[in-house]
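Beneath this line is the structure, given in structure tokens, with notes to follow.
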Amino acid sequence: MPIRLASQFLPSGTPAKLWYILISTALQVTFGCPQKPTPPSLSTRFPMDILAAFAEFESSALAAIAAATDAAGIEKVRIEFLGQKNGRIRDLQKLVGSAAPADKPAVGKRFNEVRTTVSEQLEVRQQQLVAQASKAASDFDVTLPGDRPRLGRLHPITQVIAEFRELMGRFGFTVVDGPEIEDERHNFEALNIPEDHPARDPLDNFYIACASATHGGPVLLRSQTSTVQIRTMEKVAPPVRIVSLGRVYRPDTIDATHSCMFHQMEGLLVDRNVSMAQLKTVLSQFARSFLGPGVEIRFRPSFFPFTEPSVEVDMKWGDSWMEIGGAGMVDPAVFEAVGYDPEIYTGFAFGLGIERFCMKHFAVDDIRRFYENDLRFLSQF
Ligand code: PHE
């Protein structure tokens with residue numbers, strides 16, 4: 001003990017005052033006096049919220065670094081956490097600024113530690129990813145054949161529709177569209193098809209029972225594109241020269257030449273002094289433009305409620321005749337239904353089955369092929 005050591009070296013007659021001085025000096029030498037305050041623990045020195053923010057920053061940055069899988073990903077992490085402008089490190093910097101002056105050195109030190117750790121880990125991961133990518137690149141055998149991209153193409157029916165629109169456009173016909181869900185006025189009544197006509201039999205049409213209530217009357221999938229004749233004439237004054245191409249629906253028994261859904265091209269021309277000769281000319285010019293100069297058109301007498309006279313249209317291509325649709329001069333009753341004066345205007349209308357042309361053109365023998373979505377079939381066109 002220093003006290004004892006000190007007394008050993010003192011002569012035995014030393015006065016009490018001197019003892020006191022000696023002892024207290026020894027105490028000072030031994031324990032240090034006046035004593036410096038003990039350093040406060042970290043928790044009182046660092047405000048808890050600053051510490052917590054540092055810890056949170058560090059752990060989420062390290063997790064994000066570990067989760068990055070490529071160069072772009074790791075760069076995003078760098079910007080989010082260490083970015084000069086808006087990186088989250090900026091918030092930590094502000095916290096350092098807000099710490100009490102006495103805490104600043106320690107808070108600053110911890111800040112530097114966190115920043116260094118995150119920067120280092122980021123760099124390590126960056127290098128790992130670069131190494132991975134170059135390994136992947138060097139593993140790639142450039143001599144292997146590539147994956148040929150599978151190009152889509154237009155459905156044969158769509159191709160034919162596009163060509164029909166183009167051809168009829170050259171004859172001066174504008175293309176218009178109509179809805180596939182129709183009411184009875186447009187599908188039947190205005191087309192002069194009376195209530196008791198067999199064509200209106202519910203068994204021959206797709207009525208949509210659940211839609212009738214909200215529509216305020218029966219609605220059905222249109223059974224013919226002649227509906228668009230009415231919709232057009234309701235809207236525009238004559239002269240009219242339109243075609244409309246689209247789907248129609250009939251509950252037919254499906255076989256090689258029948259489908260419950262198929263496509264029609266409707267044509268309507270209304271003007272003064274329109275003749276059936278013009279109808280035949282338009283149809284034969286159209287058929288020749290599509291299939292070739294050898295094609296012939298013939299009319300056979302028929303009946304449609306909305307044309308008078310009415311004909312079935314046949315087309316001769318090669319050796320055989322094939323029925324392609326119906327046509328005729330617009331019935332005066334139809335003009336009356338849409339408010340055209342039948343004393344002034346005449347017109348012709350036709351409706352052709354698009355599938356018929358398509359089958360002939362592409363030599364397809366079964367209409368069902370068009371709707372089966374078999375790529376082995378579709379990719380041939
Ligand atoms: N709409 C008739 C049908 O679908 C075809 C047609 C159209 C007939 C225009 C005459 C005039 O069978």
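Read the numbers this way: they start at 1 and go in the same order the structure lists the ligands and their atoms. Quick caveat: nothing in here was measured; it's all calculated off a predicted structure.
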Pair Arg115 + Glu58, salt bridge at N-O below 4.0 Å = no
Should Ser223 be counted as touching ligand 1, given the test is an N or O pair under 3.5 Å?
-> no
Looking only at distances, please establish whether an N/O atom of ligand 1 is found under 3.5 Å from an N/O atom of Ser226.
-> yes
min-distance protein heavy atom vs atom 2 (C) of ligand 1 -> Gln224 OE1, 3.7 Å
List every atom of ligand 1 that sits less than 4.0 Å from any heavy atom of Gln229, numbering the atoms from 1 in the order shown and giving each element.
-> 9 (C)
dist Met329:CE -> Thr307:OG1 (nearest 0.5 Å) comes out at 10.0 Å
Just checking, is any N or O donor in the side chain of Gln264 or Gln224 under 3.5 Å from an acceptor N or O on the other one?
-> no
Logged contact type for Ala327 with ligand 1, heavy-atom cut-off 4.0 Å, is backbone
What residue and heavy atom of the protein are closest to atom 7 (C) of ligand 1, and at what distance?
-> Gly351 N, 3.3 Å
CD/Gln285 to CD1/Ile297 distance, rounded to the nearest 0.5 angstrom?
-> 10.5 Å
What is the distance from atom OG of Ser98 to atom CD of Gln93, rounded to the nearest 0.5 Å?
-> 12.0 Å
Ligand 1 contact by Arg250, heavy-atom criterion under 4.0 angstrom | yes
Which atoms of ligand 1 have any heavy atom of Gln264 under 4.0 Å away?
-> 3 (C), 4 (O)
More than 12 heavy atoms from other groups under 6.0 Å of CG on Asp141 | yes
Nearest heavy atom to atom 8 (C) of ligand 1: which of Gly326, Ala349, Pro305, Ser302 does it belong to?
-> Gly326
Region of Phe306 engaging ligand 1 - heavy atom pairs below 4.0 Å = side chain
Anything under 30° is parallel, anything over 60° is perpendicular, the rest tilted; go ahead and classify Phe54 against Phe111.
-> tilted
Glu266 to ligand 1: N or O pair under 3.5 Å?
-> no
Could Glu184 and Arg200 be called an ion pair, given the rule that one side-chain N must be under 4.0 Å from one carboxylate O?
-> yes
Here the atoms of ligand 1 under 4.0 Å from any heavy atom belonging to Thr307 are 10 (C), 11 (C)
